[in-house]
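This report concerns only the one structure given below.
Residues take their numbers from the sequence shown, with the count starting at 1. A quick note: this is a predicted structure, and the numbers were derived from the prediction, not measured.
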Amino acid sequence: MTRDSAVPTAIRHANSTFSADRGAGLTSLATTSDMMGWMGFTATERSAATVYHPAMRLVLASASPRRADLLGEAGLSFDIVPADVDERLRPDEPAEIYVARVAREKATAVGRRYPDRPVIAADTAVVVGDLILGKPADPSDAARMLRLLSGRVHEVFTGVAVEWHGRGAAAVERSRVEFVPLSDDDVDWYVKTGEALDKAGAYAIQGLGARFCRVVEGPFDNVVGLPLGCVRRLLAQLQRSEEARAGEN
């Protein structure tokens with residue numbers, strides 16, 4: 001199956017072991033205005049003009065306005081260059097492997113065009129039980145996904161990849177979200193708002209969908225679609241690698 005919007009996007013999820021940095025623990029749901037405190041940046045970094053390289057303009061390999069908003073809120077300067085890659089899930093591919101692979105492929109594809117600039121890419125999937133939920137195909141598919149999430153805990157995986165001068169770094173961030181039970185009226189109302197249709201798992205935690213989320217464990221911005229603390233770590237990792245390379249020349 002595929003996450004393309006033209007087909008159903010719930011697919012089997014094989015059991016696997018997850019290994020990555022965890023968030024700050026169980027946290028009551030915050031509003032969008034609280035996000036910056038959960039992104040892994042210090043107050044000094046948040047107030048700076050840029051977090052990475054003062055003269056370096058990044059490339060965001062994504063058409064997602066939510067990811068662009070998060071980078072902009074972090075004070076990063078960037079251009080948007082969407083990547084065109086095959087996002088189909090491979091047989092028996094675990095969610096965390098899947099999102100990391102797609103993020104790397106996006107970063108590599110765009111990185112070939114912009115080798116002298118750091119390229120950031122990401123991919124997000126929602127996992128409930130043994131199903132992976134991508135973007136819904138249509139309103140009825142969105143309603144089906146919301147009913148699957150109703151009253152349950154689900155996981156959100158985001159793979160992040162950064163590429164620069166042919167070097168790459170990637171990681172996966174995980175968050176857990178508990179939904180309140182949803183009535184048929186809740187589902188019908190939310191689907192009619194249109195917010196669900198272009199979101200993995202059919203909801204936006206930074207939007208009207210926030211009212212359905214009882215608890216978030218882990219980075220809030222990961223659920224939005226781009227964990228900026230993870231981005232910062234990967235950029236720093238590649239910056240150290242680039243400085244070492246320059247020192248050898």
Side-chain angles (χ1 to χ4, degrees), residues 1-16 18 23 25-35 38 62-67 69-70 87-89 93-96 98-99 102 122-158 173-227:
M1 296 186 186
T2 172
R3 292 177 58 193
D4 188 280
S5 61
V7 297
T9 51
I11 44 189
R12 301 293 295 179
H13 171 58
N15 291 330
S16 60
F18 174 82
L26 196 65
T27 310
S28 297
L29 181 67
T31 64
T32 303
S33 62
D34 296 320
M35 267 195 286
W38 290 9
S62 173
S64 167
R66 294 162 296 283
R67 292 181 179 131
D69 287 345
L70 287 169
E87 298 187 28
R88 286 176 294 184
L89 185 82
E93 189 174 29
E96 60 269 40
Y98 168 58
V99 295
V102 173
D123 192 68
T124 301
V126 171
V127 179
V128 56
D130 61 353
L131 298 175
I132 299 176
L133 306 181
K135 296 177 182 177
D138 51 37
S140 63
D141 195 30
R144 178 186 61 83
M145 290 184 183
L146 290 167
R147 292 188 177 98
L148 283 171
L149 299 177
S150 174
R152 301 175 66 181
V153 173
H154 63 271
E155 295 180 309
V156 181
F157 292 91
T158 297
E173 196 73 75
R174 183 183 73 167
S175 301
R176 297 174 72 249
V177 180
E178 180 183 352
F179 256 37
V180 299
L182 304 181
S183 67
D184 288 341
D185 287 342
D186 290 330
V187 172
D188 292 344
W189 167 80
Y190 188 61
V191 170
K192 287 177 181 177
T193 68
E195 188 177 85
L197 295 181
D198 65 341
K199 313 293 190 302
Y203 75 97
I205 196 170
Q206 77 280 14
L208 298 173
R211 67 186 64 192
F212 301 146
C213 302
R214 174 179 286 154
V215 175
V216 176
E217 180 183 0
F220 182 87
D221 54 344
N222 181 58
V223 186
V224 180
L226 188 64

Return yes if some donor-acceptor pair links the side-chain N/O of [X] with the main-chain N/O of [Y] below 3.5 Å, else return no.
X      : Y      : result
Ser150 : Pro181 : no
Glu155 : Ser175 : no
Arg174 : Gly218 : no
Asp141 : Ala137 : yes
Tyr98  : Glu87  : yes

Are the side chains of [X] and [Y] in touch, meaning some heavy atoms are under 4.5 Å apart?
X      : Y      : result
Val177 : Val215 : no
Asp221 : Leu226 : no
Asp198 : Arg66  : yes
Leu131 : Leu148 : yes

Residues two or more places apart in sequence or in another chain: which of them pass side chain to side chain contact (heavy atoms under 4.5 Å, CB included) with [X]?
X      : answer
Pro65  : none
Asp188 : Arg147
Ala196 : Ala142, Tyr190, Ala202

Can you name the nearest heavy-atom pair linking [X] to [Y], along with the distance?
X      : Y      : answer
Ser62  : Arg67  : OG-NH1, 3.3 Å
Val99  : Asp123 : CB-O, 3.4 Å
Ala122 : Gly225 : CB-O, 4.0 Å
Lys135 : Ala200 : CG-N, 4.0 Å
Ala204 : Lys199 : CB-CE, 3.7 Å

Item checked: Leu146 CG to Trp189 CH2 distance, which is reported to the nearest 0.5 Å -> 10.5 Å

Notebook entry, point to check: Roughly how far, to the nearest 0.5 Å, is the CG atom of Leu197 from the CG atom of Asp138?
Noted result: 8.0 Å

Next item on the list: Kindly write out the residues that satisfy side-chain hydrogen bond (donor to acceptor under 3.5 Å, both in side chains) with Thr158, not counting sequence neighbours, or none if the list is empty.
Entry: Thr124, Asn222

Check: Is there a side-chain contact (heavy atoms from CB on, under 4.5 Å) between Leu133 and Leu149 once you walk through the steps?
Finding: CA-CA 10 Å; Leu133 306 181; Leu149 299 177; 4.0 Å; yes

Note to self: Could you check whether Ser183 and Asp185, counting side-chain N and O atoms only, form a donor-acceptor pair closer than 3.5 Å?
What the structure shows: no

Notebook entry, point to check: Listed by chain and number, what are the ring-ring contact (aromatic ring centres under 6.0 Å, His included) partners of Tyr203, not counting sequence neighbours?
Noted result: His154, Phe179

Check: Who are the salt bridge (Lys or Arg N to Asp or Glu O under 4.0 Å) partners of Asp69, not counting sequence neighbours?
Finding: none

